[in-house]
Amino acid sequence: MTVRTRFAPSPTGFLHIGGARTALYNWLYAKKNGGSFVLRVEDTDAARSTDDSAKVILDGLKWLGLEWDEGPGVEGKFGPYFQSQRQDIYDAYLEKLQKADLVYEDEGATRFRVPDKDMVVHDRICGDVAVNLKTAGSKRFDEATKQEVEANPDIVIRRPDGSYIFHFVNVVDDIEMKISHVIRGEDHLSNTPKHLALFEAFGVAPPIYAHIPLNLNPSGTKMSKRDQGALIHEYVQSGFLGAAVNNYMALLGWSSGDDQEVFSPEELLEKFDLSGVNKANSKFDFKKCLWVNGEHIRSLSIPDLQTAAAPFLESAGIDADDPRLLGALELARERAQLLSEIPPVIEPVFSADISITDAAREKLTGHVDIAKVCSTLVQSLTEVSDWSVDAIKAGINNAAESMEVKMGKLMLPCRVAVTGATSGADLVPMMVLIGKETTLQRIENLPSLLGG
RNA sequence: GACCCGUUCGUCUAGCGGUCUAGGACUCCGCCCUUUCACGGCGGCAACACGGGUUCGAGUCCCGUACGGGUCGCCA
């Protein structure tokens, strides 16, 4: 069987984490099985679809690396891939139903006659689920009165203006695009019997279904776009790696069976399988997502890190061609969970001036004799001719000895003098990158900076 | 409200009848490493929703209850 999966977002103007995860699972399943991943934009609701709103979703998928084999911009045999352009196809399918007398007009809309029997969903994750649409649909819950009211179980498939409804186009397109596996959120499980009825009406065998559990926010309710971590473009802006976000999304509702948590894209592809998908909903944990990102950052080579961090370095005004950049990135890589954390860490290397943070100022106040520490350090470091890690360490050590204190006593003042902060990257290598002249100058300036 | 799906540490999960005094990861807290921070290493806190069955034996199977989520649109 040729595996063909699809992601069918409606253009809402943003790519939601839930949608992205659905896309990921579909992409992984298709790629793993040598199949195709199709992207189809479900923009049948003209009122909600705008020109740009699809682009955000496409950009988000590209950033995650979930490239589609067919879809917008990648024309395949089954296009067009925007539902708004497939009206003729839908009309033809409607005609089939009309000929079979399975539809009728109702106040201008078109309804599909639902069969009075159990439709059984054979779901790869949820098992068999049987629903009789006639029975189930003949009552409706009225939110306003909190009561059940009589309803028409036959489903509307076309609006009076001629545009089609989700259930209908979804099935028609899955038939036309030869979709073999439908992997989607569990919120669609209750819709599936309707889709099965349509497949049956068209005389086509339905695809294999796999309804994946939902991702909820930490409060246990549906993730809304206001929840932290809900929107993909925010991951881009805050310095996540696409591979890391994929990794974390995969982990929400799936496990490899062993204890592995961090996966390269290749490993994910190799290990992912529907059989490892959990049945229960999961809650989003931003801290773990951060941790996964940090792991991925640490696994990057320096050139790859430079590429990934480029936008953040640029907006911080750090020159991409600066010869000290690679060394600085190496120091920052060990301690960053987000790419956006890199510039602040390495900035002391590149900026002409530093400013002392309030926390640093506070920590040094009345702590040691800063003026003496600085003058001793300057004196001792001036004598360091070979400005290397070892030599600088020896220099600091000399200063410590002459003051009869432990080397650690001098490190904090030295760090604040050189970087302005109490924490940061490995200090001595930073001093190497900053250079002897600037380093000495900064240490010399510290007392006056603190005084002012 | 009806129907559907689910329920193992705070969170993500392993577990597919005995190897579970329940394993891993994140978080948090200690300790070690180290010139600081981080990384790393070591350790700690912490869970089978409840009640009935089935079975020699149940976290694992069945049934109820409770709780959570989903669906019930001329949204997708």
Side-chain angles (χ1 to χ4, degrees), chain A residues 8-12 19 42-45 47-49 83 106-111 121 123 125-127 129-132 135-137 139-143 145-148 151 153 155-161 163-167 169-170 184-193 211 213-216 218 220-222 248 251-262 276 278-292 294-295 298 331-337 345 392-393 396-397 400 406-412 414-416 419 421-428:
Chain A
S10 66
T12 49
E42 305 214 332
D43 55 351
T44 57
D45 186 3
R48 282 169 42 153
S49 304
Q83 289 185 330
D106 180 19
E107 294 180 14
T110 305
R111 280 184 188 270
V121 185
D123 194 272
I125 295 165
C126 305
V129 178
V131 173
N132 182 315
T135 319
K139 284 199 165 38
R140 202 190 87 232
F141 188 64
D142 186 68
E143 277 300 334
T145 61
K146 301 283 180 202
Q147 279 189 328
E148 296 222 307
I155 57 180
V156 173
I157 58 173
R158 195 175 73 152
R159 302 185 183 91
D161 68 2
S163 65
Y164 290 90
I165 301 296
F166 164 71
H167 303 295
V169 293
N170 191 269
R184 57 181 11 169
E186 200 211 84
D187 49 341
H188 284 293
L189 185 58
S190 298
N191 290 147
T192 308
H211 287 91
L214 269 22
N215 292 158
L216 309 174
T221 56
K222 214 170 178 178
Y248 182 66
L251 250 28
L252 284 176
W254 169 83
S255 87
S256 63
D258 54 30
D259 290 334
Q260 188 172 353
E261 306 263 349
V262 179
N278 223 52
K279 294 182 179 192
N281 293 345
S282 56
K283 288 179 192 160
F284 189 84
D285 180 359
F286 196 72
K287 280 189 173 163
K288 184 152 186 178
C289 187
L290 275 175
W291 173 78
V292 170
E295 293 295 305
R298 252 159 265 128
L331 295 178
R333 179 175 57 184
E334 297 308 310
R335 50 169 303 106
Q337 280 196 314
V345 169
I392 293 170
K393 274 188 188 174
I396 297 174
N397 207 31
K406 280 166 71 175
M407 189 174 166
K409 272 280 184 204
L410 303 189
M411 291 310 291
L412 183 68
C414 187
R415 171 178 288 283
V416 172
T419 70
T422 56
S423 68
D426 207 359
L427 181 57
V428 177

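To find a chain, count down the sequence lines: A is the first, B the second, and so on, and within it residues start at 1. As the structure is a computational prediction, the values presented were derived from the model and not from experiment. Because only heavy atoms are used, hydrogens play no part in the values below, and waters and symmetry mates are left out as well, while side chains stay in.
Using a 4.0 Å cut-off, no side-chain N or O of A:Lys146 falls inside it from OP1 or OP2 of B:G1. A sub-4.0 Å separation between OP1 or OP2 of B:U11 and a side-chain N or O of A:Lys288 is absent. Look at A:Lys222 and you'll find a side-chain N or O under 4.0 angstrom from OP1 or OP2 of B:U71. In this structure, A:Arg184 does not reach the B:U71 phosphate: none of its side-chain N or O atoms is under 4.0 Å from OP1 or OP2.
Nearest to the side-chain atoms of A:Ser190 among the listed nucleotides B:U71, B:C39, B:C5 stands B:U71. Nearest nucleotide to the side chain of A:Lys283, out of B:C26, B:G24, B:U11: B:U11. When distances are taken from the side chain of A:Glu143 to each of B:C72, B:C74, B:G70, the shortest belongs to B:C72. Of the candidates B:C37, B:U13, B:A76, the closest approach to any side-chain atom of A:Ser255 belongs to B:U13. Nearest to the side-chain atoms of A:Ala280 among the listed nucleotides B:G6, B:C74, B:U35 stands B:G6. When each of B:G24, B:A76, B:U27 is scored by its nearest atom to the side-chain atoms of A:His167, the top-ranked nucleotide is B:A76. Side chain of A:Asn278, nearest nucleotide from B:U35, B:A14, B:U27: B:A14. Comparing atom distances between the A:Asp285 side chain and each of B:U11, B:A76, B:U35 picks out B:U11 as nearest. Picking from B:A76, B:C5, B:G24 the nucleotide with the shortest atom distance to the side chain of A:Glu261 gives B:G24.
Across B:G51 and B:U7, the matching C1' atoms stand 15 Å from one another, rounded to whole Å. The gap from the P atom of B:C3 to that of B:C12 amounts to 28 Å, rounded to the nearest Å. Taking the C1' atom of each, B:A14 and B:U35 are spaced 41 Å apart, rounded to whole Å. Distance check on atom C1': B:C50 versus B:G68 gives 15 Å, rounded to whole Å.
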- prompt: Do A:Leu331 and A:Val345 pass the side chain to side chain contact (heavy atoms under 4.5 Å, CB included) test, and can you show the C-alpha distance, the side-chain angles, and the key distance before you say yes or no?
  reply: CA-CA 9 Å; A:Leu331 295 178; A:Val345 169; over 6 Å; no
field: Trace of the side chain to side chain contact (heavy atoms under 4.5 Å, CB included) decision for A:Asn170 with A:Arg184
entry: CA-CA 12 Å; A:Asn170 191 269; A:Arg184 57 181 11 169; 3.5 Å; yes
task: Begin with the C-alpha distance, continue with both residues' side-chain angles, and end with the deciding distance and a verdict on side chain to side chain contact (heavy atoms under 4.5 Å, CB included) for A:Val428 and A:Asp426.
output: CA-CA 6 Å; A:Val428 177; A:Asp426 207 359; 5.7 Å; no
Step-by-step side chain to side chain contact (heavy atoms under 4.5 Å, CB included) determination, A:Val156 to A:Asp106: CA-CA 9 Å; A:Val156 173; A:Asp106 180 19; 5.8 Å; no
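The distance from atom CG of A:Asn132 to atom P of B:A2 is 18 Å, rounded to the nearest whole Å. Protein atom CE of A:Met411 is 14 Å distant from nucleotide atom P of B:U34, rounded to whole Å. Atoms CH2 (A:Trp291) and P (B:C28) sit 13 Å apart, rounded to a whole Å. Whole-Å rounding puts the A:Leu251 CG to B:A14 C1' distance at 12 Å.
An aromatic stacking contact between A:Phe141 and the base of B:A2 is absent, as defined here by ring centres under 5.5 Å apart and ring planes under 30° from parallel.
A:Gln147 comes within 4.0 angstrom of nothing in the nucleic acid, heavy atoms only. The residue A:Gly108 sits apart from the nucleic acid: no heavy atom pair falls under 4.0 Å. Residue contacts for A:Asn397: at a heavy-atom cut-off of 4.0 Å it reaches no nucleic acid atom on any strand shown. A:Val428 comes within 4.0 angstrom of a nucleotide base, judged by non-hydrogen atoms across all strands. In this structure, A:Gln337 reaches neither bases nor backbone, as no heavy-atom distance under 4.0 Å exists between it and the strands shown. A:Thr221 comes within 4.0 angstrom of sugar-phosphate atoms only, judged by non-hydrogen atoms across all strands, and of no base.
The base of B:C72 lies outside donor-acceptor range of the side chain of A:Arg140, with no N or O pair under 3.5 Å. Contact of A:Glu186 with B:G6 (side chain to base): no donor-acceptor pair of N or O atoms is detected under 3.5 Å.
Centroid-to-centroid, the aromatic rings of A:Tyr248 and A:Phe284 come within less than 6.0 Å.
Nearest-nucleotide mapping onto RNA chain B: of A:Lys287 and A:Phe284, the residue sitting toward the 5' end is A:Phe284. Along RNA chain B, the nucleotide nearest A:Trp254 and the nucleotide nearest A:Leu427 are compared for position; the residue whose nucleotide lies closer to the 5' end is A:Trp254.
Under a 4.0 Å N-O distance rule, the pair A:Arg140/A:Asp142 qualifies as a salt bridge.
Between the side chains of A:Ser163 and A:Arg159, at least one donor N or O lies within less than 3.5 Å of an accepting N or O.
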